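Take a look at the structure below.
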Amino acid sequence: MLLSPATYGASPISLLKPVGSATLSVVFWDIYHSTLYSSDGNYADAQRPVALQIEYLRDIDAEDLLEATAEEWDKLAIAKDVYQPWLKNLRVIWPDIKEHDTLLFVLKSDQSAEFYFNHTRLGSFDDKDFGSNFLRIWLDPKASYPKLRKQLIGKSK
């Protein structure tokens, strides 16, 4: 279920503590800076709530972001028939990204998930499988960028 956009007053991460931060660089280009948050500042796989904030360091078209997301889910062996409905919903809410835009993903205690873009709510997903599988892109032990994962979960500086 997607909710209408709304600007939030208090930050959805105001009660959370940073776990770790990392910058994704590919060849010579910095792509984004990310920070993982949890209720106690520690990472545990099933811990909720948890949030991932990404500040983009370059422009990225929404379609490119969707393609990259699908590629990562393929690498994690998530079935296409499982993630295609998620991509359809993401296509509706994800905007084109400009340098210094921020995308915030919050996985709540009830397993529902919310996206915010530059402090504006983009939408909410009630599918209980979506949130944990979205976070797997960064947090799964088989994630594409193991160094970034380690920094996000506070295991390496």
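Since the structure is predicted, the reported quantities are computational estimates derived from the model, not experimental observations.
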Problem - Chi angles and distances behind the side chain to side chain contact (heavy atoms under 4.5 Å, CB included) call for Asp96, Asp59 - result: CA-CA 8 Å; Asp96 291 332; Asp59 296 355; over 6 Å; no
Exercise for the section: Run the numbers on Ser144 and Lys75 for side chain to side chain contact (heavy atoms under 4.5 Å, CB included), then give the verdict. Expected result: CA-CA 8 Å; Ser144 292; Lys75 289 177 187 176; 3.4 Å; yes
Exercise for the section: Walk me through it: do Leu52 and Ser34 pass the test side chain to side chain contact (heavy atoms under 4.5 Å, CB included)? Expected result: CA-CA 7 Å; Leu52 180 68; Ser34 52; 4.2 Å; yes
Exercise for the section: Evaluate the side chain to side chain contact (heavy atoms under 4.5 Å, CB included) criterion for residues Leu107 and Phe130: first the C-alpha distance (whole Å), next the side-chain angles of each, then the deciding distance (0.1 Å), finally the verdict. Expected result: CA-CA 9 Å; Leu107 181 55; Phe130 171 77; over 6 Å; no
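When all heavy atoms of Pro49 and Ser109 are compared, the pair lying nearest together is CD-OG, 3.4 Å. Heavy atoms only, all atoms of each residue included: Arg48 and Lys108 are closest at CB-O, 3.7 Å. Among all heavy-atom pairs drawn from His33 and Thr35, the shortest one is NE2-OG1, 4.0 Å. Across all non-hydrogen atoms, the minimal contact from Thr23 to Gln151 is N-OE1, 4.4 Å. When all heavy atoms of Ser38 and Val19 are compared, the closest pair comes out as OG-CG2, 3.4 Å. Residues Asp110 and Ser112 approach most closely at OD1-OG, 2.6 Å, considering heavy atoms.
Between the side chain of Asp140 and the backbone N or O of Ile137 there is no donor-acceptor pair closer than 3.5 Å. Looking only at distances, no side-chain donor or acceptor of Arg149 sits under 3.5 Å from a matching main-chain atom of Trp138. Distance alone, capped at 3.5 Å, places no donor-acceptor pair between the Asp61 side chain and the Glu63 backbone. Of the possible donor and acceptor atoms, one in the side chain of Thr69 sits under 3.5 Å from a partner among the backbone N and O of Leu65. Judged purely by atom type and a 3.5 angstrom limit, Asn133 uses its side chain to pair as donor or acceptor with the backbone of Asp129.
The CD1 atom of Ile97 lies 5.5 Å from the CG atom of Leu103; values are rounded to the nearest 0.5 Å. Here CG of Asn89 is found 9.0 Å from CG of Asp127. Values are rounded to the nearest 0.5 Å. In this structure, the separation between CD on Glu55 and CG on Asp101 is 9.0 Å, given to the nearest 0.5 Å. Residue Gln84 holds its CD atom at 12.0 Å from CD1 of Ile78, rounded to the nearest 0.5 Å. Here Asp126 contributes atom CG and Glu114 contributes atom CD; the two are 9.5 Å apart, rounded to the nearest 0.5 Å.
In the hydrophobic clustering of ILVMFWY residues, with side-chain heavy atoms under 4.5 Å counting as a link, Leu57 and Leu148 come out apart. Cluster annotation: Leu15 is not connected to Val50 through the hydrophobic network of ILVMFWY side chains, with a link wherever side-chain heavy atoms come within less than 4.5 Å. In the hydrophobic clustering of ILVMFWY residues, with side-chain heavy atoms under 4.5 Å counting as a link, Ile54 and Trp86 come out together.
Applying side-chain contact (heavy atoms from CB on, under 4.5 Å) to Tyr116 and the options Ile13, Val106, Leu122 leaves one that passes, Val106.
Heavy-atom neighbours of Lys128 NZ from other residues, nucleotides or ligands within 6.0 Å: above the threshold of 12.
Residues Asp74 and Lys80 are paired through a salt bridge, judged by an N-O separation under 4.0 Å between the basic side chain and the carboxylate. Here Arg136 does not pair with Glu72 in a salt bridge; the nearest charged N to carboxylate O distance is not below 4.0 Å.
Counting only heavy atoms from C-beta outward, the side chains of Leu152 and Tyr43 never approach each other to under 4.5 Å. In this structure the side chain of Tyr37 reaches within 4.5 angstrom of the side chain of Gln53, judged on heavy atoms.
Ring orientation note: the planes of Phe134 and Phe105 are tilted relative to one another, at an angle of 30° to 60°.
Annotation: Trp94 is in aromatic contact with Phe115 [ring centroid separation under 6.0 Å].
Side-chain contact of Asn118 with Thr120: a donor-acceptor pair under 3.5 Å is absent, judged by distance alone. A side-chain donor-acceptor contact under 3.5 Å links Asp40 and Gln47. A side-chain N or O of Asp30 and one of Ser25 form a donor-acceptor pair less than 3.5 Å apart.
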